[in-house]
Each structure stands twice: as structure tokens, then as C-alpha cells.
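Below is one structure, written out as C-alpha cells; comments come after it.
Counting starts at 1 for both ligands and their atoms, following the listed order. In what follows, residues are counted from 1 in the order of the sequence shown. As a basis for the values below, the full set of heavy atoms in this structure was taken, side chains included, without hydrogen atoms, waters or symmetry mates. Computed from a predicted structure; not experimentally measured.
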Amino acid sequence: MATDKNSVIENRAYARIGLLGNPSDVYNGRTISLSLGNFWASVKLEPSDYLMIVPHPSHDLVQFDSLSHLVNRLQTDGYYGGVRLLMAICKIFHNYCKDNNISLHEGGFKLSYDTNIPRQTGLSGSSAIVCAALSCLLDFYQVRHLIKVEVRPNLILNAEKELGIVAGLQDRVAQVYGGLVYMDFDKKLMDELGHGKYTPMDLDLLPPLYLIYAENPSDSGKVHSTVRQRWLNGDKFLISSMEEVADVALEGQAALIAKDYAKLATLMNRNFDLRRQMFGDEALGAMNIEMVEIARRVGAASKFTGSGGAVVVLCPEGSSQASLVEDECKKAGFSFQQVQVMPSFLTQVDLETMS
Ligand SMILES: Nc1ncnc2c1ncn2[C@@H]1O[C@H](COP(=O)(O)OP(=O)(O)O)[C@@H](O)[C@H]1O
Ligand SMILES: O=C(O)[C@H]1O[C@H](OP(=O)(O)O)[C@H](O)[C@@H](O)[C@@H]1O
Ligand SMILES: [Mg+2]
């Protein structure tokens, strides 16, 4: 990657799968997540005399065929695209550098993005856009060596918090680190370090995994805000269930290391069952629940990759079972793909910032 301040910079960030423990990352828990090579967002930074955030031609649509086209679009995709995400990370990055005496040159830039991550499907399309933008800013200002890898997920999360999106760190950690990562967000640890403890795991430990998803925009921030408020209010059931979800990741780490995939399957199912009890069927949505059940009906294990819209599947009986899931997905109109894990692409400069 060229880091000359006059050259065009382009960076990608991949979708992610919360394999175990999500959403306990939002609640001082633990997760195991992986970077998903099947989908990515890319951000391009072109040096310029002025500063411009370029709206995406379809994700930030502002021109419509008719009033009903506009209304239809708002009803399916909501009001927001990626522009606000790019603006927010620019602000967070600027303020972080100012607070940490990192000086930035005066050059301007044009920032544009593209993404093939299915929109708002719990594959972390939102933080992929932010993460790729942060990478461009690190390169443009040549400050990659000054901003530790461990704190980058916080900056990405803060950009979304800035917009009122309730979320946790696991997506952002998977996207910054790449590969497969075990994460511990223990409160004491977070208070002491300002971030969680992130331990990369060997990709060879993973069994083949599959993905089911649907065009199904649901706002993860909204899904989380009520549960988060109940948790903050001290709801005992939520607090103890969230601890159980965090324990799923702890047990999952041992299961992965032992390549005990029967245990991994049990833990994935348990993870979703706990989410279902905590959030309730109405909040999860009938289509999302059906995606989980389609896999379970043929004996596979399944859970949400994020807050809903996509499901990760483990087939303990192998590829013949995966074909059965695929057939069922076709009948139901859901997309089905084998998971490609994206290995870490942290550079030497990045690695040297790590404590
Ligand atoms: N594909 C996309 N293109 C443009 N903006 C997106 C896209 N996906 C998400 N966003 C932006 O991120 C916000 C939060 O999305 P979120 O519900 O977290 O989706 P995801 O599950 O993909 O992370 C949305 O309100 C929107 O502003
Ligand atoms: O609910 C979850 O599992 C995750 O929800 C959000 O991710 P998204 O891909 O936007 O659905 C959130 O950002 C994560 O921290 C949660 O674990
Ligand atoms: Mg998101």
C-alpha cells in the first residue's frame, strides 16, 4: 500500500461472522469471531484541494423515479446510507489525533465507498465501511505506526456511537485483526486497558462453515437499544443470560482447540437459544428465526452471525448435510454460501504497534 500523501489510497474491510458469544460483546462478555472473505466494503481516498464525502450512487440514493419509489425505498432500507458513517469516522479520527498530540497534515481528500456486504443483515456492513475508511485515513496521514491496532476497534465503534447506533466491539475487532479472534471484554480488563483482550486463533481449527442470508434490512442499533437499556437497569434474567452467552465463547475456545465439532455445534445452538429467550421472537423477526430453523430441521447447528439477517451453519454430518440445507434454502428463497475465512492482513507496521 502506497502511503505517499499524493497518491490514491484504497482499503478493504471484510464482513464478519460472530461465531460464538455474540451479542455478549455489548455486555462485557466474550466472543469468537471471524473475518468473512465472501463480502467486503472498500473505501477510496483521493487527495484533493477540498474535502468531500461522496454519496454512493445506490446506497445513498437521493434521486427517485417518483414519490412512491422514494417511500418504498425508505420503507425497505430506511433513511440512512454510508455517508454518515464516513463523516463520523473522520470526526472521531480527527479528535483522537488531537487528543493524543498526533499532528495531521493540511491536505484535503475525496472519500468514496462501495460495498457488496448485504445491507443490514448482521454481517457488519456498517463497521466494514467505517473500518475501511479508518485504514485510508491512517495511510493518508501516515499515522499507522502511531495508532495501536488494539485501539482501532474503539475508534470504529465510537464513530457508530456518535450516530446513536448501539453496538459492541466484536465486529470491529474481527475487521481490524482479520482471521479468527477470541475476544474478552471483561469490565475490569476494559477499564484497565481501554480495550478488550484479543487473541488470534489458528484458522485450521475451524470446520467448514456455511452462511444463510436474506435481503432483510434490520437496524442492529434498534434491535440492541431496548435490551441494552434493560441490562443497564439491572434486569437479572438478562444479566445472567448474557453471562451464559459469554461462557459459550469460553467453552467454544476449548472446543475449537480440541477440534470437538460436536461440542461446537451444541454451543452454537445454545448461543442462539439464549438470544431468543432474551430478545423475544418479535424483536428477532420471523424470517430470521426461519433461517435458523431451516438448518436445524436437517440436524445442522445454526445461529445469527450478528443481530439478524444472516445465519452461520455447522453441518456435523458433512457436505451431504450441507447440500440438504442448501436445497431447503433454495425452496425458501434464502441465499446459501460456503464461508471463506479471510486471513489477517495486518502489516509489519501494524503489528509493531501491538503491546
Ligand atoms: N450496505 C450499506 N450501505 C450503506 N450504508 C449501510 C450499509 N449497511 C449499513 N449501513 C449503514 O450502517 C447503519 C447501521 O447498519 P447495521 O444495522 O449495523 O447493519 P449491519 O448489520 O450491516 O452492520 C445503517 O443505518 C446505515 O447508515
Ligand atoms: O447482535 C449481535 O450479535 C451483534 O450486533 C451488531 O452487529 P451487526 O452486524 O450490525 O448486526 C453489533 O455491532 C455487535 O456488536 C453485536 O455482537
Ligand atoms: Mg452493524
Heavy-atom gap Gly306 to ligand 1 smaller than 4.0 Å: no
For ligand 1, which atoms have a heavy atom of Thr121 less than 4.0 angstrom away? 21 (O), 22 (O)
Within a distance under 4.0 Å of any heavy atom of Tyr80, pick out the atoms of ligand 1 and give their elements. 25 (O), 26 (C), 27 (O)
Salt bridge or not between Arg297 and Glu328? Use side-chain N to carboxylate O under 4.0 Å. no
Between Tyr14 and Arg16, do the side chains contain an N or O donor and an N or O acceptor separated by less than 3.5 Å? no
Ignoring hydrogens and geometry beyond distance, is a side-chain donor-acceptor pair present between Ser323 and Ser320 at under 3.5 Å? no
What are the atoms of ligand 1, with element, lying closer than 4.0 Å to any heavy atom of Leu85? 11 (C), 12 (O)
What's the shortest distance from atom 2 (C) of ligand 1 to any protein heavy atom, and which residue and atom give it? Arg119 NH1, 3.6 Å
Ile129 N/O under 3.5 Å from ligand 1 N/O: no
Compute the shortest N/O to N/O distance between Pro118 and ligand 1 and return yes if it is under 3.5 Å, no if not. no
What residue among Phe336, Phe334, Phe39 forms ring-ring contact (aromatic ring centres under 6.0 Å, His included) with Tyr213? Phe39
If you draw a 6.0 Å radius around OH in Tyr80, do more than 12 non-hydrogen atoms from other residues or ligands fall strictly inside? no
Yes or no: does Gly122 have any heavy atom under 4.0 Å from an atom of ligand 1? yes
Can you tell me which residue and heavy atom of the protein come closest to atom 23 (O) of ligand 1, and the distance to 0.1 Å? Ser126 OG, 2.9 Å
Is it the side chain (CB and beyond), the backbone, both or neither of Tyr113 that lies under 4.0 Å from ligand 1, heavy atoms counted? side chain
Does Gln337 offer a backbone N or O that forms a donor-acceptor pair with the side chain of Asn38 under 3.5 Å? no
Among all protein heavy atoms, pick out the one at the shortest distance from atom 20 (P) of ligand 1; state its residue, atom name and that distance to 0.1 Å. Gly125 N, 3.6 Å
Below 2.8 Å, can you find an N, O or S atom of Ser126 next to the Mg ion (ligand 3)? yes
Donor-acceptor contact present, side-chain Asn288 to main-chain Gly308, <3.5 Å: no
Under a 3.5 Å distance rule, please check whether Lys44 uses its side chain to pair with a backbone N or O of Lys110 as donor and acceptor. no
Applying a 4.0 Å heavy-atom criterion (strictly less than), which segment of Arg84 is in contact with ligand 1: side chain, backbone, both, or neither? side chain
Between Asn233 and Gln229, does any side-chain donor sit less than 3.5 Å from a side-chain acceptor? yes
To which protein heavy atom is atom 9 (C) of ligand 1 closest, and what is the distance rounded to 0.1 Å? Gln120 CG, 3.8 Å
Above 12 or not: heavy atoms from other molecules or residues under 6.0 Å from NZ of Lys148? yes
For ligand 1, find out whether one of its N or O atoms is nearer than 3.5 Å to an N or O atom of Ile165. no
Between Tyr50 and Phe109 (judged by ring centroids, cut-off 6.0 Å), do the two rings come close enough to count as a pair? no
Asp99 atom CG: more than 12 heavy-atom contacts under 6.0 Å: yes
Give me the residue, atom name and distance of the protein heavy atom closest to atom 17 (O) of ligand 1. Ser220 N, 2.8 Å
Note: Asp186-Lys197 ion pair, threshold 4.0 Å (strictly below): no
Under-4.0 Å heavy-atom contact with ligand 1, by part of His59 that carries it: side chain
Inspect the surroundings of CZ in Phe237 and state if more than 12 heavy atoms from other residues, nucleotides or ligands are less than 6.0 Å away. yes
Non-hydrogen atoms closer than 4.0 Å to ligand 2: which protein residues do they belong to? List them by chain and number, please. Arg16, Asn22, Pro23, Asp25, Val26, Gly122, Leu123, Ser124, Ala167, Gly168, Gln170, Asp171, Arg172, Ser220, His224, Arg275, Gly306, Ser307
Both conditions, 6.0 Å and 45 degrees, for the charged tip of Arg275 above the ring of Phe279: are they met here? yes
Starting from atom 27 (O) of ligand 1, what is the nearest protein heavy atom, named by residue and atom, and what distance separates them? Gly81 O, 2.7 Å
